[in-house]
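Counting begins at 1 with the first residue of the sequence.
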Amino acid sequence: MIPGTSVRHDLSAFPTLAGLKVPRTTRTLGRMIAVAIPLLLILLFAVKWVQTAPGRGEVIALNPEDRVQQVTALVPGRVERWFVVDGQQVKKGDPIARIIDNDPDLLASLAAERAQVVAQIAAAEQALATARLDVTRTSQLYADGLAARRDYENTQIKVAEMEAKLAEARAKLNKANIGLNRQSAQLVRAPRDGRIQQLNTAAGATLVSAGDWLATIAPERQQRVVELLVDGRDVALVRRGQPVRLNFEGWPAIQFSGWPSVAQGMFDGRVLAIDPSAQNTGLFRVLVEPMPGKPAWPDDNYVRLGSKVRGWIQMETVTIAYELWRQLNDFPLEFPVPVDTGPRKGTALKALTDKEATKGKSGGKSDSYGGADYGGGEEEK
């Protein structure tokens, strides 16, 4: 460069360099990047995100009596007749099946045995009454000196023997009644209102024992709740009454866990109970009930017992940048902020007033970090 000339060079001598221009696509891309970076920073540090504890589970009945029940045989034997079919509606007490013993004359034999025992009881009672009369007569004769003491004692012994025989006969009667009552349970009835879900038809061709299942009955009306299985790291922060967002199987939905207001097709619930111990899989069971004041869950025809459910228990609200940092580092959810009670608020206010008074005397600056005070003056003790 010649001294004294202009810094700006004349590009007329370099036509190729002068003809070079930045492509429009590159300029547009640069502008987009320049605008996107500030917007991304604003999105990361200004937009809030609701942390959630996810879980999977199913719909169950809260009351154990409203869950699917198995109807079992009360006596051994074989099924003589079915009174219902699969899918049939039944009422409480309606017959389901009749079981008969292998011996067709068993009931007649038990009835005859009971009649014999009743006759023994009647004879024992008559003999006991006669023995007591003998005791009375012998006692009078013994008092008049007309009977020996041995005769009087023998009559008393005979009364005791008759009482023992009567007690034994009554015990046999109770045993016979128990046998008849058990055989009267041959007619198996529905324990409650519901619908027959499945029949054990194989029991009709084979022998059954007491306790073998004959049919499965599903109640028609029940109070539904959702059973979610939550990870052990998240369940420590779950509290009763926390809101839950639910996505039922087969129900179309669009879920944004961090922005519940944007989600569509989701239903609201709240935590009802948390199991104190884990399942065999290491997950903890959380029961969720419908949220009062919110839209009702889908009808029983669409969400039946046993339907699969996905749920998100709503936790603390943080920024998107913090949530990304937490998930990249595999950290647990944010701990809830403790709510101060009345006495604690008064104590904190008194401590703050004392600190401000001290700062005014010392004239130093103060700051707080983790509960420690740092001032420009001397450290107060």
Side-chain angles (χ1 to χ4, degrees), residues 48-69 218-219 221-251 253 255-263 265-300 302-319 322-327 329-342 344:
K48 300 298 182 180
W49 182 271
V50 179
Q51 293 182 330
T52 56
R56 292 177 177 269
E58 61 182 6
V59 179
I60 64 172
L62 182 60
N63 190 348
E65 295 182 357
D66 294 337
R67 300 175 186 176
V68 177
Q69 301 179 14
R221 298 180 181 86
Q222 63 278 331
Q223 181 182 357
R224 297 174 299 166
V225 296
V226 170
E227 177 189 63
L228 293 180
L229 297 179
V230 181
D231 189 80
R233 294 190 310 169
D234 300 335
V235 76
L237 303 177
V238 177
R239 298 292 181 268
R240 183 175 180 179
Q242 282 184 282
V244 184
R245 301 285 285 176
L246 300 172
N247 178 20
F248 294 100
E249 181 183 35
W251 196 266
Q255 164 65 355
F256 293 92
S257 61
W259 300 321
S261 59
V262 182
M266 306 294 293
F267 293 89
D268 295 282
R270 66 179 180 183
V271 177
L272 175 64
I274 308 165
D275 282 359
S277 60
Q279 305 289 318
N280 295 331
T281 57
L283 301 177
F284 288 82
R285 191 180 67 152
V286 177
L287 297 182
V288 180
E289 64 178 351
M291 176 70 77
K294 296 292 184 177
W297 291 357
D299 190 74
D300 296 347
Y302 302 100
V303 177
R304 301 174 182 267
L305 295 181
S307 300
K308 302 302 180 182
V309 184
R310 296 183 62 190
W312 293 265
I313 304 175
Q314 298 181 12
M315 309 298 287
E316 297 299 314
T317 302
V318 297
T319 61
Y322 177 84
E323 181 65 14
L324 291 175
W325 173 81
R326 182 190 70 84
Q327 294 192 12
N329 290 276
D330 197 22
F331 285 169
L333 296 171
E334 183 72 8
F335 282 81
V337 179
V339 180
D340 292 336
T341 58
R344 292 184 60 188

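Scanning all heavy atoms of the two residues, the minimum distance from Leu305 to Ala61 falls at CD2-N, 3.8 Å. Across every non-hydrogen atom of Phe248 and Val309, the tightest pair is CD2-CG2, 3.6 Å. Minimum interatomic distance between Gly265 and Ala253 (heavy atoms only, all atoms of both residues): O-CB, 3.5 Å. Nearest heavy-atom pair across Pro260 and Arg245 is O-NH2, 3.3 Å.
The environment of CH2 in Trp325 is crowded: more than 12 heavy-atom neighbours from other residues, nucleotides or ligands sit within 6.0 Å. Heavy-atom contacts from other residues, nucleotides or ligands closer than 6.0 Å to CD of Gln327 number more than 12. Taking a 6.0 Å sphere around CZ of Arg67, one finds it holds more than 12 heavy atoms contributed by other residues, nucleotides or ligands.
For the pair Leu246 and Val288, the minimum side-chain heavy-atom distance is below 4.5 Å. Within the 4.5 Å cutoff, the side chain of Val244 has no heavy atoms near those of the Val226 side chain. With a 4.5 Å cut-off on side-chain heavy atoms, Leu237 and Phe335 count as touching. Proximity of Trp312 to Met266: side-chain heavy atoms (C-beta onward) are separated by under 4.5 Å at one or more points. Side-chain atoms of Thr52 and Leu333, non-hydrogen and from C-beta on, never get closer than 4.5 Å to each other. Within the 4.5 Å cutoff, no side-chain heavy atoms of Ile274 are placed close to those of Arg240. Looking only at side-chain heavy atoms (C-beta outward), Gln51 and Tyr322 come within less than 4.5 Å of each other. Side-chain contact between Pro292 and Arg270: present, with at least one pair of heavy atoms (C-beta onward) separated by less than 4.5 Å.
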Criterion side chain to side chain contact (heavy atoms under 4.5 Å, CB included) on Leu283 and Val230, from CA distance to verdict: CA-CA 6 Å; Leu283 301 177; Val230 181; over 6 Å; no
- prompt: Where do Ser261 and Phe256 land on the side chain to side chain contact (heavy atoms under 4.5 Å, CB included) test, with the steps shown first?
  reply: CA-CA 8 Å; Ser261 59; Phe256 293 92; over 6 Å; no
- request: Check the pair Gln223, Asn63 against side chain to side chain contact (heavy atoms under 4.5 Å, CB included), reporting the backbone distance first and the verdict last.
  value: CA-CA 7 Å; Gln223 181 182 357; Asn63 190 348; over 6 Å; no
- request: Quick one: do Trp297 and Asp268 satisfy side chain to side chain contact (heavy atoms under 4.5 Å, CB included)? Show the steps, please.
  value: CA-CA 8 Å; Trp297 291 357; Asp268 295 282; 5.9 Å; no
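Here the straight-line distance linking atom CD of Gln222 with atom CG of Leu62 works out to 11.0 Å at 0.5 Å rounding. Taking CD of Glu227 as the start and CD of Glu58 as the end, the distance is 5.5 Å to the nearest 0.5 Å. To the nearest 0.5 Å, atom CD1 of residue Ile60 and atom CG of residue Asp66 are 11.5 Å apart. Atoms CD and OG, on Glu323 and Ser257 in that order, are 8.0 Å from each other to the nearest 0.5 Å. Rounding to the nearest 0.5 Å gives a distance of 6.0 Å between OG1 of Thr319 and NZ of Lys48.
In this structure Ala218 satisfies the side-chain contact (heavy atoms from CB on, under 4.5 Å) test together with Val68, Gln197, sequence neighbours excluded.
The main-chain N or O of Phe331 is found under 3.5 Å from a side-chain atom of Arg326 such that the two form a donor-acceptor pair. Judged by distance alone, the side chain of Asp231 and the main-chain N or O of Arg233 form a donor-acceptor pair under 3.5 Å.
Salt bridge annotation for Asp299-Arg304: absent, with no cationic side-chain nitrogen under 4.0 angstrom from a carboxylate oxygen. Between Asp300 and Arg224 there is a salt bridge, since a side-chain N of the basic residue sits under 4.0 Å from a carboxylate O of the acidic one.
Less than 6.0 angstrom separates the ring centroid of Trp251 from the ring centroid of Phe267.
In this model, no donor atom of one side chain and acceptor atom of the other lie less than 3.5 Å apart for Gln242 and Gln314.
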